[in-house]
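Data first, discussion second: the structure below is written as structure tokens.
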Protein chains: 2
Amino acid sequence: MANYDVKSEVNDKFSLRGRVYHKIRDNILSGVYKENEELKEVSIGEELGVSRTPVREAFRQLELEGLIQIIPNKGAYVTGITIKDVEDIYMMRSKLEGLAARWATTNITKEQMEEMEENIYLSEFHASKGHMEQIAVLDNRFHEIIYEACNSKMLEHQLRDFHEYVLRVRKRTLSQFKRSSESTKEHREIMEAIKAGDADRAEEAANRHIVNAYDNMIKNGLKEIYERGLV
Amino acid sequence: MANYDVKSEVNDKFSLRGRVYHKIRDNILSGVYKENEELKEVSIGEELGVSRTPVREAFRQLELEGLIQIIPNKGAYVTGITIKDVEDIYMMRSKLEGLAARWATTNITKEQMEEMEENIYLSEFHASKGHMEQIAVLDNRFHEIIYEACNSKMLEHQLRDFHEYVLRVRKRTLSQFKRSSESTKEHREIMEAIKAGDADRAEEAANRHIVNAYDNMIKNGLKEIYERGLV
DNA sequence: TCTTGTATGATTGTATACAATTATACCAAA
DNA sequence: TTTGGTATAATTGTATACAATCATACAAGA
């Protein structure tokens, strides 16, 4: 009967196996590997200094995620995240982030609440100064806190993936001064609702936050890259 | 430059590689492999008549899904779907199925619409006769049609997984005569709304359908297996 | 008895070998 | 020139070999 510490080492980014998977995944999500590009096991292996075996294992995972497509006896081809995917993800997030905020309202720990408040304070500071790089990091972390606090493995896993899939778009839109301060304001609303224990208001605010982010994305900057296919 | 038929052979259930993955997955989801059970690469390989390599690749995929946990240099342990997971999935589905129905309203093809209508007719017949086995199959298919018709790779993939994860519970609750006829009635409402092109009504009906299924599940039969952990 | 160290076996991690399949090049025939 | 076929090369699929790590058993000592 197994009785190991469950928290540690699940698909660790720093273990060799995790490294190969994450490296390829990052290269797909960041656009290093482009749409329809063929990924050869030996080439990728050489890039990362490993043999075909760990690469193949990573390929299987990426296929399951839908980031690549493996055609038997032919090869692995980059699918990546298309503009359509990003739009769909935002619509799905606009339903699910609220649920996460709702659950976080009743499950958030004292430490998580404190980190969230600190996150808001810092974000407001950096937003006023126009420090876009820090804003992006804090924005990421804000959502991560909610995912962790919602106490649902399923929802956390799903939203974390979505969050990573749309990273490139988010970075672009958050680098707009106007949107970054709006976003921070919306984060505060969510935080206040969670702190007040008002799950309804937290859900509504979180959903609205994603809808606003989506609208902003559509208005600015998404259309111009529409033609290229991948984000 | 790759230019293959994209539809075919993605993680095919009948290719060797897909077979290993799906077989292990089914054994987890159906409860053949129990919670915390250790899965040994050689044993599983012998069961399926393959070497460690394909088994390891399947393990990596299952780990990504969260169905098993791999502890480096130790082993693979079944996580499976817990009661808590099922509850969470139903809440998430109650937000997402509506979205799928909404999108299906504008994207459904003539063929899909016809299959859906036929599905309802057959379901009503079998529901009145108490043919529970057929009801389960038709219920599955009804939701599958919506997933296919919603025209969103992301949403389809997600809902299909959820659907499979809660299969055991659904089979149990659908075997109740009362719920199966209620469910069929709700399916008809969704179908009528989609056919009428009323996306709002389709979304509302689909979400309510999942909420009803969830409530019924809580009332009947989920509590008694609560203690066992896995569904 | 309990603890600790060591040896042995079991299991996983990775690399490599071999088989099967597919892509490419080249030549011959129309 | 174009087409078709064959040989060769490249690539993937799977099995296996070897290394590294971990679990277990057992004995020695306190």
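Quick note on labels: first sequence line is chain A, next is B, and so on, each numbered from 1. For the numbers below, each heavy atom of this structure counts, side chains included, while hydrogens, waters and symmetry mates do not.
Using bins of under 30°, 30° to 60° and over 60° for the plane-to-plane angle, the ring pair B:His163/B:Tyr147 lands in the perpendicular bin. Ring geometry for A:His187 versus A:Phe142: interplanar angle under 30°, hence parallel rather than tilted (30 to 60°).
Rounded to whole Å, atom P of C:dG13 lies 17 Å from atom OH of A:Tyr21. Summarising the geometry, the separation between CZ on A:Arg19 and P on C:dG13 is reported as 15 Å, rounded to the nearest angstrom.
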Could you list all N or O pairs between the protein and nucleotides 8-12 of chain D that sit under 3.5 Å apart?
| unit_1 | atom_1 | unit_2 | atom_2 | d |
| --- | --- | --- | --- | --- |
| D:dT12 | O3' | A:Asn73 | N | 3.4 |

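Applying the side-chain contact (heavy atoms from CB on, under 4.5 Å) test to A:Glu46 and every residue at least two apart in sequence or in another chain returns nothing.
The two residues A:Gln112 and A:Ala149 make their nearest non-hydrogen contact at OE1-CB, 3.5 Å.
Residues A:Ile135 and A:Thr184 are in side-chain contact: their nearest non-hydrogen atoms beyond the backbone lie under 4.5 Å apart.
Distances shown here put every side-chain N or O of A:Thr53 at or beyond 4.0 Å from the OP1 or OP2 atom of C:dT14.
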